[in-house]
Structure formats: C-alpha cells, structure tokens
Amino acid sequence: MEMRHYFVFAICFVLLQLFIFIFNRTLSWLYFSSKNTGLPRFIRLLSYLVINAIVLLTLLRIYPMFRFSAFILAFLLFASFSSFVCVVIYFIFRKRSIKQKLQRTLAWLYPIGLASLIGLSVYNAYTPQVIHYEITLDKPFKPLRIGMASDFHLGRLFGGKQLDKLAEIMNAQKVDIILLPGDIMDDNIRAYVAEKMQPHLAKLRAPLGVYATLGNHDFFGQQQAIAKEIRKAGITVLMDQAVEVDNRFVLIGRNDDLFKARPKTQQILTALDKTKRELPVFLLDHRPTEIMEHSTLPIDIQVSGHAHKGQVFPANLITKVLYRLDYGYEKIGNGHFFVTSGYGFWGIPMRLGSQSEVFIIDVKGKGKE
C-alpha cells in the first residue's frame, strides 16, 4: 500500500474509537443517568473489544467480515450524528425548567434520528438520480448523447431489478451510446450467474453500442470470467484497446491499474492510425488517478468512477484529498473530465451525501462536422 493509504487507515482507526466512545456516552447520558450508574463498565469494555476485533480481523484478512464491518462503521457514524443533534438541542433548551422532560424526549429522538439516517442512506443507495451535463468540443462534431454509469458491484444486494431500472433510464433518455467505466461485478461472477442476471444486463442497448472497461473489483482474479459474462450480454469490453465508433470518434478503454502490465494512455494513442488520431477521443478509465496526465494528451472526454463520492459522508472529504477530481465534471487542460459516484454501491446498501446516479452527457462541437 502507498503511504497515503496507511495514513487514511490510521485516521479511520482513531475515528472508530471516537465513534464507540460517543455511542457509549450517549447511552449512559440518555438511558442510565437517572440511575446514577452510567452504562455498566463491562458493556463499554465489551463494545470496544468486540467492534475492534471484528474490524481488525477483516482488515488483516484473518477472518474477513467486510459487509458486517462496514455496517458497524456506518451504524456508529450515524449514531454519532444523532448524538450531536441531541446535544445541540439539549444545550439550546437546558436552561428552561423542562430539563428532565427534555432528556426523556431526547431518549426518544435519538433512536428515531438514527433510524431515519439509516433509512435515508438505503433510499439513496437504491433510488437513482439522473444528472445532465452539456459540453462543447473545440472541434467539429455531430451532437451525441452519452449515457454513463459505473460501479454496479453486481452481487447479492444489487442485481437484476436495478439493471432493469438502468435500462429504463437509458431508453427514456434516448442515449446514443452507453459507457460503463468499471466495477461491473462485485469481485466475482457467483451471484451474477446464480441469480441469472445476464438477461437483465443485456437489456442495456443503444444505437452506437454499449462499451465497458473493468475496474479494480473486476480484477481480483476473475477478470477473464467477468469479461466473458459481460460480452455474453452483448456489451463490448475494452481491455487496453481502442475502437472507432461510427466513423465519428475513437473510444479507448483501459484496464484498471491493478493490471500492472497495462500500457500508458499515451502508448495507446500513439498506436492509433493517423486518420483515427484526427478524430475526437473518448476514454473510459475506471480510476480518476491520472486525470492531470490525461489533461495534457489529445483526449476530449474521460469518464471514470471508483471514488463513489466517498459513498457515506464524511468519506467524501477523504476522496477529495486522494483525487484531483473525485466527483462531478471539470474541464482541465485539453479535455472534459467526468467522475460519477456510481450506480451501485460497495459493501453495504447505504449512501449518505451521495446517491445512486446516471450521467447523461450531451456533446456537441464547434462548427459543422
């Protein structure tokens, strides 16, 4: 791992201890203060030991419980948010003669707030929004509507029903081409095959075709099987390859950088025929890690995912530090760069501060093609 990843891990570990502390103190304050005993010490100690053991066993891959660990972290985070709201309300009204009644009210409000945050996060994970962008290339180009979605993480918690919804969105938006920049599967094809998702994925259709690349979760040892299943659904998988589409533009798809032998983008561009180099170039690159390098190359549009906009606030603050562009759209140098928070989710079906989404990108050029 890079040094920055160790730094992020250290911060997360410290925050975990803080969240456990806040959770225990809130329970003591709202539910045990009237007994003048506080939360029993053995319960507090047990909560630290059990939660840290589960998370460490997962991170060290001794006994991985990824989804359970992720749920614990999200639960404690949301509990901390609820605690903060209760404390603010308490300090606003504490000087009035309703102190005891106020504490009883907060004892009801705390679990309601926690349940509301959990419900909202699940809603955000399964209710996609459609976000529109319009850009103009600095060259002649016939108008084109791109539908872009990434990070499906197809598995037990996200599958056929959500793929059907995505197909409905793409059809309703009348897109010309669909681009899927990576993390189509959630590590393997077991759930995809067991739940017969291929007919649902095959519903994605567009006049100029559907194109995908593989992300890091597609490259955990089953990349060939994953690529095969995607192709069986009628989708073109680009693995460090370039294709000319409709004699109008070149589409490049890169493997995730877990594939250590992947060529640099510049090498793929250099290998293009001279006639293709004169066409607009669109790039699918799962991670937005090389945006600054690509901004100096003749790349007109790049679409990426991976960062999930942090998925759950305040993780978006971390992704902002890790990436030059972690979410949204920006024109940098020669190109237009798009990073989506993703259509699916990783680990647990929870999103706070982000939402399942589809990008619709309307592209036009200057002058006539």
*Asks:* Which residues satisfy the ring pair (Phe, Tyr, Trp, His ring centres under 6.0 Å) test with H336, sequence neighbours excluded?
*Replies:* Y329
*Asks:* If you take the centroid of each ring, where Trp contributes its six-membered ring, are F19 and F75 closer together than 6.0 Å?
*Replies:* no
*Asks:* Atom CG in N52, atom CZ in F13: separation rounded to 0.5 Å?
*Replies:* 4.5 Å
*Asks:* Listed by chain and number, what are the side chain to side chain donor-acceptor pair (under 3.5 Å) partners of Q129, not counting sequence neighbours?
*Replies:* none
*Asks:* Report the residues that fulfil side chain to side chain donor-acceptor pair (under 3.5 Å) with S150, sequence neighbours left out, ordered by chain and then residue number.
*Replies:* none
*Asks:* Any side-chain heavy atom of V339 within less than 4.5 Å of one from Y323?
*Replies:*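 No, their side chains stay 4.5 Å or more apart.
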*Asks:* If only atom types and distance count, is the side chain of R248 paired as donor or acceptor with the main-chain N or O of V245 below 3.5 Å?
*Replies:*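 No, the answer is negative, given that no donor and acceptor are paired below the 3.5 Å cut-off.
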*Asks:* Looking at residues at least two apart in the chain, or sitting in another chain, which of them share a ring pair (Phe, Tyr, Trp, His ring centres under 6.0 Å) with Y110?
*Replies:*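 If we apply the ring pair (Phe, Tyr, Trp, His ring centres under 6.0 Å) test to Y110, skipping adjacent residues, there are no hits.
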*Asks:* Can you name the residues that form a ring pair (Phe, Tyr, Trp, His ring centres under 6.0 Å) with F78, not counting sequence neighbours?
*Replies:*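 For F78 there are no ring pair (Phe, Tyr, Trp, His ring centres under 6.0 Å) partners, ignoring immediate neighbours.
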*Asks:* Contact between F259 and L214 at the side-chain level, heavy atoms closer than 4.5 Å - yes or no?
*Replies:* no
*Asks:* If you look only at distance, which donor and acceptor atoms sit under 3.5 Å apart when one is on a side chain in residues 280-288 and the other is two or more places apart or in another chain?
*Replies:*
residue : atom : partner : partner atom : Å
D285    : OD1  : R262    : NH1          : 3.4
D285    : OD2  : R254    : NH1          : 3.1
H286    : ND1  : P181    : O            : 2.8
H286    : NE2  : D183    : OD2          : 3.2
H286    : NE2  : N216    : OD1          : 3.0
H286    : NE2  : H306    : ND1          : 3.3
R287    : NE   : D256    : OD1          : 2.8
R287    : NE   : D256    : OD2          : 3.4
R287    : NE   : D257    : OD1          : 3.2
R287    : NH2  : D256    : OD2          : 3.0
R287    : NH2  : D257    : OD1          : 3.3

*Asks:* Please output the side-chain donor-acceptor pairs of residues 230-244 that fall under 3.5 Å, not counting sequence neighbours, one pair per line with the distance.
*Replies:*
residue : atom : partner : partner atom : Å
K232    : NZ   : E229    : OE2          : 3.4
D240    : OD1  : N255    : N            : 3.1
D240    : OD2  : N255    : ND2          : 2.9
Q241    : OE1  : M239    : N            : 2.9

*Asks:* Any side-chain to backbone donor/acceptor pair from D326 onto K309? Under 3.5 Å, distance only.
*Replies:* no
*Asks:* Taking the side chain as everything from C-beta on, heavy atoms only, tell me whether D300 gets closer than 4.5 Å to F249.
*Replies:*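 Sidechains of F249 and D300: no contact.
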*Asks:* What's the spacing between I301 CD1 and L144 CG if we round to 0.5 Å?
*Replies:* 7.5 Å
*Asks:* Where do D186 and R67 land on the salt bridge (Lys or Arg N to Asp or Glu O under 4.0 Å) test, with the steps shown first?
*Replies:* CA-CA 12 Å; D186 200 21; R67 282 198 173 91; 3.2 Å; yes
*Asks:* Could you grab the distance from atom OG of S82 to atom CD1 of I112, nearest 0.5 Å is fine?
*Replies:*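 Here the rounded value is 10.5 Å.
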*Asks:* When the side chains of residues 352-363 are checked against the rest of the protein, which donor-acceptor pairs come out under 3.5 Å, sequence neighbours left out?
*Replies:*
residue : atom : partner : partner atom : Å
S354    : OG   : Q311    : O            : 2.9
S354    : OG   : R351    : NH1          : 2.9
Q355    : NE2  : T127    : O            : 2.7
S356    : OG   : Y343    : O            : 2.7
E357    : OE1  : Y327    : OH           : 2.8
E357    : OE2  : T340    : OG1          : 2.9
E357    : OE2  : S341    : N            : 2.8
E357    : OE2  : S341    : OG           : 3.1
D362    : OD1  : R145    : NE           : 2.8
D362    : OD1  : R145    : NH2          : 3.4
D362    : OD2  : R145    : NH2          : 2.9

*Asks:* Can you give each donor-acceptor pair under 3.5 Å made by side-chain atoms of residues 157-170, sequence neighbours left out, with the distance rounded to 0.1 Å?
*Replies:*
residue : atom : partner : partner atom : Å
Q162    : OE1  : G159    : N            : 2.9
D164    : OD1  : H200    : ND1          : 2.9
D164    : OD1  : K203    : NZ           : 3.1
D164    : OD2  : H200    : ND1          : 3.1

*Asks:* Which pairs count as salt bridge (charged side-chain N to carboxylate O under 4.0 Å, His left out) when at least one residue sits in residues 108-128, sequence neighbours excluded?
*Replies:*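 Salt bridge (charged side-chain N to carboxylate O under 4.0 Å, His left out) check on residues 108-128 returns no pairs.
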*Asks:* Quick one: list whatever passes side chain to side chain donor-acceptor pair (under 3.5 Å) with S47, sequence neighbours left out.
*Replies:*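 Result, side chain to side chain donor-acceptor pair (under 3.5 Å) vs S47: N24.
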*Asks:* Set out, in order, the CA-CA distance, both residues' side-chain angles and the distance that settles side-chain contact (heavy atoms from CB on, under 4.5 Å) for L269 and I299, then state yes or no.
*Replies:* CA-CA 9 Å; L269 289 168; I299 294 172; 4.2 Å; yes
*Asks:* Who are the ring pair (Phe, Tyr, Trp, His ring centres under 6.0 Å) partners of H308, not counting sequence neighbours?
*Replies:*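 Testing H308 for ring pair (Phe, Tyr, Trp, His ring centres under 6.0 Å), a comparison that skips the adjacent residues, returns H153.
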